[in-house]
Amino acid sequence: CLTYNSIIDGFAKEADINSALRLYREMCESEISPNVVTYTILIDGFCKSGNVDLALKMLNEMRNKGLEPDVTTYSVLIDGFCKRRDMEIAYKLFSELLESGLSPNKVIFNSMISGFRKSSNMEAALDLHKKMINEGVPCDLLTYTTLIAGLLREGKLLIASDLYSQMLSKGIVPDMVTYTVLINGLCKKGQLENARKILEEMDRKSMTPNILIYNTLIAGHFKEGNLKEAFRLHNEMIDKGLIPD
RNA sequence: GCGAUGAUAACU
């Protein structure tokens with residue numbers, strides 16, 4: 001079963017649905033029965049390749065065989081619908097998970113928060129963040145990065161900055177994605193001074209900004225009419241071996 | 001023992 005699962009996972013990750021399904025059928029006809037992991041792999045592959053209907057069909061099929069979805073099965077389904085911004089169904093699945101007596105973990109919360117961010121519903125995203133804290137589910141770097149990205153886009157700079165402080169106070173260390181989100185969000189809101197502070201923070205840690213960071217900084221300074229700084233950053237970027245686009 | 005989550009928006 002493990003062997004089948006690994007191979008099916010390989011096909012699923014290449015979005016080769018037909019091969020994945022062919023192996024699954026072969027498995028069903030053999031002595032080896034698919035388990036929860038097999039179905040989770042298939043459902044995840046279907047979701048990620050845009051076949052959510054097929055994913056729901058597989059959920060049905062596994063139930064018909066007497067297998068109940070576990071937390072990871074729900075996780076891939078919920079994430080699939082969140083990525084399509086179909087928060088109605090995502091939330092329905094979330095409720096179903098609770099009804100079945102399972103507890104959502106941080107991966108599920110993170111997917112839901114990301115889905116609400118995509119659908120510009122930061123209120124719901126923040127509610128879930130509160131829920132995580134109330135229920136003792138630890139927030140991680142992904143939780144905070146997603147929340148901060150959404151809040152900055154909505155111009156809720158104070159809440160974003162509070163969350164960033166909260167994150168740091170929990171000992172969570174920002175990475176390149178977090179810095180990109182922060183600097184990009186601040187630049188787009190004309191907060192170049194605050195963006196510069198984050199840049200200095202990176203510098204203190206000897207982290208080299210990536211191209212996205214340079215591009216957003218350059219665009220920000222350009223918009224403000226500070227061509228001198230825009231060109232300085234452009235040259236600095238080239239000096240560091242990054243290729244402008 | 002095998003499976004799941006974060007930024008790069010919008011417009012064009």
Side-chain angles (χ1 to χ4, degrees), chain A residues 1-13 20 23-24 27 32-48 55 58-59 62 67 69-85 90 93-94 97 102 104-122 125 128-129 132 137-155 160 163-164 167 172-189 195 198 209-220 245:
Chain A
C1 183
L2 295 191
T3 310
Y4 266 111
N5 285 353
S6 304
I7 302 171
I8 292 174
D9 192 39
F11 284 129
K13 288 200 165 48
L23 266 180
Y24 162 70
M27 205 175 170
I32 304 155
S33 303
N35 63 8
V36 191
V37 175
T38 318
Y39 284 101
T40 304
I41 290 167
L42 287 166
I43 291 172
D44 189 34
F46 297 154
C47 284
K48 289 198 165 68
M58 287 311 286
L59 176 66
M62 79 181 275
L67 288 171
D70 66 8
V71 173
T72 307
T73 317
Y74 275 109
S75 168
V76 300
L77 272 165
I78 289 172
D79 187 58
F81 284 98
C82 286
K83 289 222 160 70
R84 296 168 58 93
R85 306 178 195 203
L93 288 161
F94 187 80
L97 160 101
L102 298 168
N105 59 18
K106 81 182 180 198
V107 175
I108 293 180
F109 275 109
N110 285 349
S111 287
M112 290 289 291
I113 289 173
S114 171
F116 280 126
R117 183 201 72 83
K118 283 192 199 343
S119 30
S120 301
N121 189 351
M122 288 314 292
L128 282 176
H129 174 238
M132 284 179 91
V137 178
C139 305
D140 64 6
L141 181 60
L142 278 63
T143 319
Y144 284 104
T145 304
T146 310
L147 286 169
I148 291 168
L151 290 166
L152 287 177
R153 192 177 57 187
E154 294 199 348
L163 277 179
Y164 186 55
M167 177 189 114
I172 297 172
V173 181
D175 68 0
M176 194 59 92
V177 175
T178 315
Y179 283 126
T180 308
V181 162
L182 280 165
I183 296 175
N184 182 45
L186 289 168
C187 284
K188 292 225 162 97
K189 294 297 168 191
I198 303 290
N210 59 25
I211 306 174
L212 277 167
I213 292 179
Y214 273 111
N215 282 345
T216 196
L217 279 165
I218 292 168
D245 59 9

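To find a chain, count down the sequence lines: A is the first, B the second, and so on, and within it residues start at 1. Just so we're clear, the structure is a prediction, and the values are computed from it rather than from any experiment.
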Residue list, ring pair (Phe, Tyr, Trp, His ring centres under 6.0 Å) with [X], at least two apart or on another chain:
{"X": "A:Y39", "value": "A:Y24"}
{"X": "A:Y214", "value": "none"}
{"X": "A:F109", "value": "A:F94"}
{"X": "A:F46", "value": "none"}

Pairwise N/O distances under 3.5 Å, protein to nucleotides 1-3 of chain B:
| from | atom 1 | to | atom 2 | distance (Å) |
| --- | --- | --- | --- | --- |
| B:rC2 | O2 | A:N5 | ND2 | 2.5 |
| B:rG3 | N1 | A:D70 | OD2 | 3.0 |
| B:rG3 | N1 | A:T72 | OG1 | 3.4 |
| B:rG3 | N2 | A:T40 | OG1 | 2.4 |
| B:rG3 | N2 | A:D70 | OD1 | 2.9 |
| B:rG3 | N2 | A:D70 | OD2 | 3.4 |
| B:rG3 | N2 | A:T73 | OG1 | 3.3 |

Tell me whether A:T216 contacts the main-chain N or O of A:L212 through its side chain, where contact means a donor paired with an acceptor under 3.5 Å. no
Pairs meeting criterion salt bridge (Lys or Arg N to Asp or Glu O under 4.0 Å) with involvement of residues 141-154 of chain A, two or more places apart: A:E154-A:K156
Looking at residues at least two apart in the chain, or sitting in another chain, which of them share a salt bridge (Lys or Arg N to Asp or Glu O under 4.0 Å) with A:K189? none
Partners of A:K118 by salt bridge (Lys or Arg N to Asp or Glu O under 4.0 Å), sequence neighbours excluded? none
How does protein reach along nucleotides 6-12 of chain B, written 5' to 3' as B (base within reach of a heavy atom under 4.0 Å), S (only sugar-phosphate), or - (no contact)? BBBB---
Rounded to the nearest Å, what distance is computed from the CZ atom of residue A:F81 to the P atom of nucleotide B:rA4? 18 Å
